[in-house]
Amino acid sequence: MSEGLEPRTWADRRNDDAEPRQAQGYRVITGQVAYPYGGHGDAGLEPYPYPHSYPHPAPAPAPSEDTVTEPYRGRGAGRGGRRRSTRAPRRRPGRFRRAVRLLAALLCVLALTGAGTCAWAEFRLDRSVDLGAVADRPPPGKGTNYLVVGSDGRDGLSERARKELHTGTSGGSRTDSMMLLHTGAHGTTLVSLPRDSWVTIPSYVDPNTGKFHRAAKNKLNAAYSLGGPGMLVRTVEHNTGLRVDHYAEIGFAGFVGVVDAVGGVEMCAPRSIDDPKSGLRMKKGCHNLTGAQALAFVRQRHQESDGDLGRSRNQREFLSALARKTAAPGVVLDPFRTYPALSAGLDTLVVDKDMQLSGLVSLFRAMKSASGGGGGQLNVPVAGPGPGPAGRSALEWDAAKAQRLFAGLRDDRPVRVDDRG
């Protein structure tokens, strides 16, 4: 240390350094630096002896019950640092809530799929039959009457398919099966109208030639050939006194496609059948019929002891079995079966202008109910073979029994008629 110089403190040196800095425009901040390892209130420790005291910050409030302490991952936090948050804790949804959400999503998907299917079916449905144009109609009765027709239209069948199905190659369309389906307060009644029924064909004007034809006797299936669905409906109404509320017709190709799409239909034969005309070869017992076999089964009659009546009985039994198979969960819940079956049916399905999709569903349910204890199946009562055209066999209705049957259906009363009438 030099002589004559007073000892200089750290504060004096700080002031010396500040003067040139202030001259250069620097700002010097003075004050007390807090004691790094203690301070006011620390037991046994005094504040660092600086000129001015440094106030301590107020203590942090204790966390309340609503405050959740979470790790602080913000800037400046050390490892393990924590911060306080007033946000409520997130709870994971329970199993019940997850199940409800999944069910709601599934229902939405099903609703959208169902709406799309309905729109698709509405677009493809052929409503070309105008029942309002049918003349001389009887008054409406109680309940609902459907005329269900299976035509031998060959649209959609190739030459090879026609040979394999033994459908022939003749042009035009005729009716292979006709049934009246009545639904009402007493259940469902399915009445077969044999194609060989000897009935009165009402008078009509040939649309091709303009020639007038008087009412005359003929086979029931001739009405379709003479004037199509409209003429057939008029003939059925004229001979039964029942008003037909809805009409539904399906052709060969649609029938075969529906059966194949649902995986076949099981039918049981009480005896072996070998019919070259229909192509049916079936041993005694139960079999799962393909579309081609099913078509041969409902068409064959030469192996039946009662001819056309036996064929009508087979047709009713098969359609009921097909309705049950189509409504089975394994088919309804399988889109790879449901959509092909719908597509095949809509390809050749023809209905009346007033038929809605809901009406088709009602028709389907009624067909299923007719064989499930909710109704009955029967043939129109017949008296025996009739004269027929050009010596060919025909079936003459029993006028009294048939009148009682149709009057009961018209008034929606229970009917009891055996299979042979």
Side-chain angles (χ1 to χ4, degrees), residues 148 150 152 157 160-168 175-179 181 188-197 221 250-331 337 341 344 367-382 384-385 393 395 417-421:
V148 183
D152 64 357
L157 292 177
R160 179 179 178 182
R162 293 182 185 186
K163 292 180 181 180
E164 293 177 350
L165 297 175
H166 295 264
T167 63
T175 48
D176 244 34
S177 63
M178 289 157 284
M179 286 174 265
L181 180 66
T188 302
T189 304
L190 184 62
V191 183
S192 290
L193 305 176
R195 55 174 287 176
D196 290 340
S197 297
N221 68 334
I250 189 169
F252 281 167
F255 180 86
V256 172
V258 171
V259 175
D260 286 336
V262 299
V265 177
E266 184 175 289
M267 293 298 296
C268 297
R271 64 186 183 283
S272 297
I273 301 174
D274 187 359
D275 182 22
K277 291 191 175 182
S278 66
L280 179 63
R281 290 176 175 82
M282 185 176 179
K283 293 183 179 180
K284 180 181 178 179
C286 297
H287 307 271
N288 190 64
L289 302 183
T290 64
Q293 293 170 335
L295 180 62
F297 178 80
V298 299
R299 294 185 66 220
Q300 71 87 21
R301 60 172 175 168
H302 299 284
Q303 301 296 313
E304 300 294 331
S305 58
D306 44 4
D308 202 30
L309 291 177
R311 173 167 60 182
S312 298
R313 180 177 58 252
N314 291 340
Q315 290 170 352
R316 293 195 309 271
E317 292 176 355
F318 182 84
L319 287 180
S320 298
L322 177 60
R324 291 194 303 270
K325 180 64 177 289
T326 307
V331 175
R337 289 187 175 186
M367 292 291 297
K368 180 175 178 291
S369 174
S371 62
Q377 303 181 37
L378 48 101
N379 267 320
V380 63
V382 297
S393 63
L395 292 174
V417 181
D418 60 45
D419 186 64
R420 294 185 59 86

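A distance of 10.0 Å separates OG1 of Thr188 from CE of Met367, quoted to the nearest 0.5 Å. Interatomic distance, CG of Asn314 versus OG of Ser177, reported as 11.5 Å (0.5 Å rounding). Atom CE of Met178 is separated from atom CG of Leu193 by 7.0 Å, given to the nearest 0.5 angstrom. Atom-to-atom distance recorded for Leu295:CG and Thr290:OG1 is 9.5 Å, nearest 0.5 angstrom. Atoms CG and CD, on Asn379 and Gln315 in that order, are 9.5 Å from each other to the nearest 0.5 Å. Distance check: Met282 CE to Gln293 CD gives 8.0 Å after rounding to the nearest 0.5 Å.
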task: Determine, stepwise, if the pair Leu378 / Val191 fulfils side chain to side chain contact (heavy atoms under 4.5 Å, CB included).
output: CA-CA 5 Å; Leu378 48 101; Val191 183; 3.7 Å; yes
field: Trace of the side-chain hydrogen bond (donor to acceptor under 3.5 Å, both in side chains) decision for Ser320 with Gln377
entry: CA-CA 10 Å; Ser320 298; Gln377 303 181 37; 3.2 Å; yes
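Annotation for Ser197 and Pro194: closest pair OG-O, 2.7 Å, computed over non-hydrogen atoms. Counting all heavy atoms, side chain and backbone alike, Ala344 lies closest to Gly257 at CB-C, 3.5 Å. Listed here is the closest heavy atom pair of Asn288 and Gly263: ND2-O, 3.0 Å. Across Ala321 and Val265, no two heavy atoms sit closer than the pair CB-CG1, 3.7 Å.
In this structure a side-chain-to-backbone donor-acceptor pair under 3.5 Å is present from Ser272 to Lys284. Here the side chain of Asp275 pairs no donor or acceptor atom with the backbone of Ala296 at under 3.5 angstrom. Using modelled atom types, one side-chain atom of Arg311 and one backbone atom of Arg299 make a donor-acceptor pair closer than 3.5 Å. Judged purely by atom type and a 3.5 angstrom limit, Lys325 uses its side chain to pair as donor or acceptor with the backbone of Val262.
Applying the side chain to side chain contact (heavy atoms under 4.5 Å, CB included) criterion to Ala294, with sequence neighbours excluded, gives Phe255, Val259, Leu289, Phe318.
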